Structures are given as C-alpha cells and as structure tokens.
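The next block holds one structure in the form of structure tokens; read it before the comments.
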Protein chains: 2
Amino acid sequence: MAKKTSSTRREDIVETAAKLFKQKGYAATTMREIAEQVGIEAASIYNHIKGKDELLAEICFRVSNAYIAQLTAIEMDDSSPIEKIKALIRLHIRIVFEDVDGISVANNEWKHLPESALTSFKAARRDYESRFAKIIEQGIEQGDIQKVNASVALFTILSAVRWVELWYKSDRQIAPQVLEDDIVSLLLNGLQK
Amino acid sequence: MAKKTSSTRREDIVETAAKLFKQKGYAATTMREIAEQVGIEAASIYNHIKGKDELLAEICFRVSNAYIAQLTAIEMDDSSPIEKIKALIRLHIRIVFEDVDGISVANNEWKHLPESALTSFKAARRDYESRFAKIIEQGIEQGDIQKVNASVALFTILSAVRWVELWYKSDRQIAPQVLEDDIVSLLLNGLQK
C-alpha cells in the first residue's frame with residue numbers, strides 16, 4: 001500500500017476524531033484512541049495535530065463555515081425571502097446527510113472549545129442566526145410571511161430540523177428526499193390542510 | 001422557624017437536585033452538594049432518599065407521567081385531531097414554564113438512569129410518541145392534516161418545541177402567551193402567509 005501523504009493522513013485523523021467525539025463525547029475520547037483507530041503510533045499523531053482541542057476546533061469551524069458560506073450564497077440570490085428560507089431548511093437537512101459526525105460534534109460538543117475558539121464559534125452562530133432572522137423579517141415586511149415574532153420563527157425552524165441529526169443514525173426507513181420535502185412543507189405550509 | 005416535615009424536606013431535596021442536575025449535569029453533581037444547598041447534613045440526606053439515581057428517576061418520571069396524564073386527557077376529549085395537536089403543542093410549551101428544571105433533566109440527563117428505570121422511561125417515551133403519531137394519522141385520514149409522513153411530522157413538532165427549554169433561561173423578552181400562540185400558528189399554518 002502506498003504511504004499516505006501528510007495531508008490525507010491529517011484528514012483521516014480529523015474524520016476519526018469526529019466519529020469518536022460523536023460516539024463517546026469529546027471529554028471521554030483520548031488522542032491515543034484516535035491514533036489507534038487511524039492505525040498510527042500514539043506519539044506520531046502529534047506530527048499532524050497539536051492536540052485534542054485543535055481537532056474539536058477544526059470540526060466545529062468546518063461546520064460553521066459551511067453554513068455561513070451557503071447562507072452567503074443564498075442571501076446574494078435573487079429569490080424571495082420564502083424561497084431563501086426553503087433553501088436554508090433544505091441546507092440544514094442536507095448538511096446532516098453529508099457530514100453527520102461533524103454536525104453532531106458542532107451541535108453537542110462545542111462547549112468544550114478552548115476560550116478564544118469558543119468566542120469565535122459563538123460569534124459565528126450569532127451572525128448566522130441574525131442573518132437568517134433578517135430574511136424572516138424581510139418576508140414579514142413584504143407580506144409573504146405570517147406576522148410572528150421573527151426570533152420565535154427562527155428558533156422554531158432551527159430547532160425543528162435538529163431531530164434529523166438524531167434520526168439519521170437510528171432509522172433510515174424514510175427516503176432523504178421525502179424527509180426533506182415533508183419538513184419543508186410542514187414548516188412552510190403547516191400541518192393543517 | 002418550624003421544623004420542616006419529612007415530606008416537604010424530601011420535596012426540597014428533589015427540587016434542589018433538579019436544579020443542580022440541570023446546571024452541572026447529573027454526573028458532576030454530588031449528594032453532598034445537594035445536601036449543602038438544601039441546608040442539611042450530608043449524611044442525613046439518606047434518611048430521605050436512597051441515592052442520586054433515585055433522585056434522577058423521580059425527576060424523569062415526574063415529567064413523563066405529567067406528559068402521559070395530559071395526553072390521556074387530550075385523547076379522551078371530543079375534539080378534532082387538529083385541536084388535539086394544538087393542545088399537545090401548548091402542553092409542551094407550558095410544561096417548560098411550570099417545571100423547567102425537571103424538563104431539562106428529563107430531556108438531557110435521562111441516559112444516566114439505572115437499567116430498569118431506563119427501560120421504563122424509554123418505553124414511556126415510545127408510548128407517548130406512538131399515541132401522538134396516531135392522532136396525526138387520524139388527522140391525515142380525516143383530511144384535516146397534510147399528507148406527510150406521520151413520523152416526520154411527529155418529530156418535527158417535538159423537536160420544534162424543544163428550543164423553548166433553552167430559551168426560557170436566556171431570553172424572556174417575549175411574553176409566554178406570544179411564544180405559545182406564535183409556535184402553534186407556525187406549526188399548524190406554516191411560516192408562509
């Protein structure tokens with residue numbers, strides 16, 4: 001087998017860390033276990049990564065950067081606030097299918113980030129939330145969205161899509177496309193016919 | 001000050017445990033800390049409670065019993081599936097305002113329940129979920145509810161209301177009644193006007 005390049009080895013370490021942080025939690029995972037699962041010596045993991053908190057930061061920011069990049073693209077789009085919100089709901093569902101380990105770690109383990117990374121991560125989340133809320137407010141102003149409190153709408157939507165992360169591992173009897181279409185329909189048109 | 005009766009002392013212990021389990025997590029809370037906050041000797045807490053896991057079980061089942069009692073009342077009601085679902089959504093929001101510590105512990109710390117209690121707790125949750133899903137299915141059959149996958153609708157609703165528990169402590173600028181009405185309106189009628 002060809003020797004792995006340093007960059008793909010690093011990627012293996014990050015992916016393995018995401019899996020273990022998700023399964024066991026950040027606090028209970030050791031660098032030794034990550035090295036073992038990757039199949040390298042415990043000491044040589046430090047040739048690639050400074051420490052466990054660097055791994056956590058890389059995973060959390062990979063997720064928050066993905067959300068913000070997509071949000072930026074959606075904002076610049078010509079579509080209506082309703083179409084933008086549909087795109088954002090689909091984004092939240094799809095990103096789980098693409099990176100379930102990363103999403104789970106960013107959702108559940110971010111509190112363990114070291115201080116300066118924690119501050120940046122929270123700022124990124126607030127930025128994301130306020131830009132999403134602004135789209136809701138624009139929809140309300142333009143008369144396309146119900147007159148509700150924009151924060152309540154924002155957190156109801158963000159919270160509503162979070163179960164997909166938990167569902168993804170436990171039950172795949174529902175096709176991803178059905179899941180996505182049903183959730184968009186429920187949040188946009190409501191349960192009631 | 002009159003000496004507290006044994007039953008109110010026990011209630012104090014349970015309430016204090018719920019607060020500490022919520023703040024620090026179950027694993028990080030000690031019986032000594034609970035005793036200290038109640039204002040009794042560390043040893044005498046065992047005159048009232050067998051151990052930390054008894055406290056956790058009592059809190060978790062207080063919450064699951066409250067949900068199931070209300071669901072039973074709503075099921076026996078004469079109203080339509082849509083009205084029943086509205087009542088259930090309002091229940092989920094109100095119960096947070098009534099027992100935020102208990103809800104938070106039942107939502108986030110239940111995994112620490114000892115084996116037999118864990119099995120019962122999970123069974124109670126599955127029972128609650130399947131009875132809630134049945135109401136959604138009845139609404140779909142009767143044509144009042146959109147044709148969506150009932151499990152997707154169930155988990156979207158249950159997940160959507162979960163942020164209230166987190167919001168409750170961090171931001172009270174929205175009146176509880178506005179919160180309740182906006183969430184019911186969003187889930188029943190959708191975001192789109």
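These figures come from a predicted structure and were not determined experimentally. When reading the values below, keep in mind they use all heavy atoms of this one structure, side chains included, and skip hydrogens, waters and symmetry mates. So you know, we letter chains A, B, ... as the sequences are listed, proteins then strands, and number each from 1.
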### Query
Do you know which two heavy atoms are closest between A153(B) and L186(A), and how far apart they sit?
CA-CD1, 3.6 Å
### Message
Can you tell me how far apart OG (S151(B)) and CG (D182(A)) are? Round to the nearest 0.5 Å.
### Response
10.5 Å
### Query
Are there more than 12 heavy atoms of other residues, nucleotides or ligands under 6.0 Å from atom CD of E75(B)?
yes
### Query
Can you get from V14(B) to V63(B) by hopping between Ile, Leu, Val, Met, Phe, Trp and Tyr side chains that sit under 4.5 Å apart?
no
### Query
Is chain A contacted by the side chain of I85(B), its backbone, both, or neither, given a heavy-atom distance below 4.5 Å?
side chain
### Query
Got a sec: does the NZ of K134(A) have more than 12 other heavy atoms crowding it under 6.0 Å?
no
### Message
Using side chain to side chain contact (heavy atoms under 4.5 Å, CB included), reason through W163(B) and L154(A) one step at a time and then give a plain yes or no.
### Response
CA-CA 10 Å; W163(B) 72 271; L154(A) 172 72; over 6 Å; no
#### Entry: Residue part contacting chain A, namely of D144(B), when any heavy atom lies under 4.5 Å
backbone
### Task
Answer yes if L91(B) and F61(B) sit in the same cluster of Ile, Leu, Val, Met, Phe, Trp and Tyr residues linked by side chain heavy atoms under 4.5 Å apart, and no otherwise.
no
### Summary
When the 4.5 angstrom heavy-atom criterion is applied to I82(B) and chain A, the contacting part is side chain
### Message
Using a 6.0 Å cut-off, check whether atom NZ of K193(A) has over 12 heavy atoms from anything other than its own residue.
### Response
yes
#### Entry: Flag, side chain of T156(B) to backbone of A160(A), donor-acceptor distance under 3.5 Å
no
### Message
Is there a path of hydrophobic side-chain contacts, each under 4.5 Å between heavy atoms of I/L/V/M/F/W/Y residues, joining V184(A) to Y67(A)?
### Response
yes
### Query
From S80(A) OG over to Q192(B) CD, what is the distance, rounded to the nearest 0.5 angstrom?
8.0 Å
### Message
Within a 6.0 Å radius of atom CD on Q37(B), are there more than 12 heavy atoms belonging to other residues, nucleotides or ligands?
### Response
no
### Query
Atom OG of S185(A) and atom CG of N149(B): how far apart are they, to the nearest 0.5 Å?
12.0 Å
### Query
Out of curiosity, does I68(A) fall in the hydrophobic cluster containing W110(A) (side-chain heavy atoms, cut-off under 4.5 Å, transitive links)?
no
### Query
Are V178(B) and V152(A) side-chain neighbours, meaning at least one heavy-atom pair lies under 4.5 Å?
no
### Message
Between L191(B) and L187(A), is there a side-chain heavy-atom distance shorter than 4.5 Å?
### Response
no
#### Entry: Pick from I145(A), I140(A), L179(A) with the largest number of heavy-atom pairs that fall under 4.5 Å of chain B
I145(A)
### Query
When hydrophobic residues are tied together by side-chain contacts of less than 4.5 Å, even through go-betweens, does F21(A) share a cluster with V100(A)?
no
### Query
Side chain, backbone, both or neither: which part of L158(A) has a heavy atom under 4.5 Å from chain B?
neither
